[in-house]
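Below, chain A is the first sequence line, B the second, and so on; all start at residue 1. Predicted model, so just to flag it, every value in this text is computed and none were measured.
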Number of protein chains: 2
Amino acid sequence: MTERKLEILSIAQSLFKDNGYTATSMRDIAKAANVEPASLYSHINGKEELLDTTCFSMAEKFINGIAEVNDIYFDAAQKLKMAVDTHVGILATNLNAAIVFQRDWRHLSDDRKAAFIVLRNQYEEGMRVIVQNGIDEGLFNEVDVKFATLTLLSSLNWIVEWYDAEGRLTPAEIAENLYNFVLTGLKK
Amino acid sequence: MTERKLEILSIAQSLFKDNGYTATSMRDIAKAANVEPASLYSHINGKEELLDTTCFSMAEKFINGIAEVNDIYFDAAQKLKMAVDTHVGILATNLNAAIVFQRDWRHLSDDRKAAFIVLRNQYEEGMRVIVQNGIDEGLFNEVDVKFATLTLLSSLNWIVEWYDAEGRLTPAEIAENLYNFVLTGLKK
DNA sequence: TGTCATAACGAACATTCGTTAGGCAAATAT
DNA sequence: ATATTTGCCTAACGAATGTTCGTTATGACA
């Protein structure tokens, strides 16, 4: 990937984040890149490539992250902590792309969307395994695994909606807060 | 609101849910309503009215819900339980509209979007008050209120992404699961 | 019977969409 | 020095966009 292509991708992600993929035109992207619309096609094959690259490169990061966690750590609580940490880290260091990844994957072509969903399920399964491990090891309550994982993931995913790099909490603090919350709950 | 107008609104919400507001054309809506595109304008003022009505009618439901909860119940744990129950109930009985409400409010006009965000913050504040009450009453841990509420809301909001009316869990069961999870956490 | 409202129609509007074709100057490679 | 590639340009393409227009069939009500 050329430097210029990466630049264009980054510009596109920023616009997609603000207005959504569908509501962002190639002309918008061109203007933001200080270039005529047609010039974009010297670098990319089309608009969907920008979405496709964003979605799949993010999916790859998440899947590699959970694979690594499952490789390195043994204890389920440790795994969970690291999985949360990794997830938040990926979101925070690729915020624009993460938002696009989360909101706009629906606009992939049917083929690519199907491929994307496979990866998404793969990641969810990785998380489920950690929760199940915790139960098997006697560390976690015997919760509904599917439901608990979904709830955990929802909290992780929603972070992009309010995370602010200049905000009060660092990614590490967010991860720790979330881990503690998911582990111990509200009740005193 | 005429019956026919409601019908069109419902059709539009179903299409918005599947393809998003921006990627759904008036011609799509017309086709689904078995009508020529121009005929839609006998019932509505324009495309945005469909989005506007959806977003604000849902916001109203949520705000009324939390106001009622705060009126009727006293104990924070009870309030939280009922707030979760009400939230899930609203989602489940207005699933299409809820999805549009959640994903597409960004495409409201600037004025309306600002008004919408005010309502959204109002609802979040209502939730925060409940959590804060719980802490003050000594029922809840002294968590970061803002963070905890955001996490709770994220779990509530994400439900629309996987809820299936024909699925394993009823809305009441989902609410109960979620309440228990948020209250007691994973740890044994 | 005459008047009005409703809900639909076909045709057209200006605009925007993603994309392609062809060319041209500067940088790079041979 | 010459050839090739790169990065951008202007111009244009066909298709799709939300919406407006004037009209018409239907039926309720005076």
Give a yes/no on whether any side-chain N or O of Ser25(B) is located under 4.0 angstrom from OP1 or OP2 of dA16(D). no

Rounded to whole Å, how long is the line connecting atom CD1 of Ile44(A) with atom P of dT19(C)? 8 Å

Asp28(A) CG to dC17(C) C1', in whole Å, measures 11 Å

Nucleotide of dA8(C), dG7(D), dG18(D) approaching Ser42(A) most closely (side-chain heavy atoms): dG7(D)

Any idea which of dC9(C), dG18(D), dT19(C) is nearest the Met26(A) side chain? dT19(C)

Below 4.0 angstrom, N of the basic side chain to O of the carboxylate: do Asp75(A) and Lys79(A) qualify? no

Tyr41(A) side chain reached by Met26(A) side chain, heavy atoms, under 4.5 Å: yes

Atom pair distance, as rounded to whole Å: CD1 in Ile29(A) and C1' in dC17(C): 12 Å

Is Arg4(B) close enough to dA8(C) that one of its side-chain N or O atoms is under 4.0 Å from OP1 or OP2 there? yes

What's the NZ-P distance between Lys47(A) and dT20(C), to the nearest Å? 15 Å

Are the aromatic rings of Phe101(B) and Phe116(B) close, with centres under 6.0 Å apart? yes

For the pair Phe181(B) and Phe147(A), name the ring-plane relationship: parallel under 30°, tilted 30 to 60°, perpendicular over 60°. perpendicular

Looking only at dA7(C), dC9(C), dT19(D), the nucleotide nearest the Ala38(B) side chain is dC9(C)

On the nucleotide dA8(C), are OP1 or OP2 found under 4.0 Å from the side-chain N or O atoms that His43(B) carries? yes

Asn45(A) atom CG is separated from dT19(C) atom C1', nearest whole Å, by 12 Å

Taking the minimum atom-to-atom distance to the side chain of Ser39(B), which one of dA7(C), dC9(C), dG18(C) wins? dC9(C)

Using whole Å, what does the distance between atom P of nucleotide dC8(D) and atom CG of Leu40(A) come to? 9 Å

Taking only the side-chain heavy atoms of Tyr41(B) (C-beta and beyond), determine which of dA7(C), dT19(D), dA8(C) contains the nearest atom. dT19(D)

note: Glu3(A), atom CD; dA27(C), atom P; distance rounded to Å ~ 17 Å

Residues, nucleotides or ligands: over 12 heavy atoms within 6.0 Å of Lys113(A) NZ: yes

Contact class for Thr22(B) vs. all strands (heavy atom < 4.0 Å): base, sugar-phosphate, or nothing? nothing

Glu36(A) near the nucleic acid: base, sugar-phosphate alone, or nothing, with a heavy-atom cut-off under 4.0 Å? base

Nucleotide dC17(C), atom C1' - distance to NE2 of His107(A) in whole Å: 15 Å

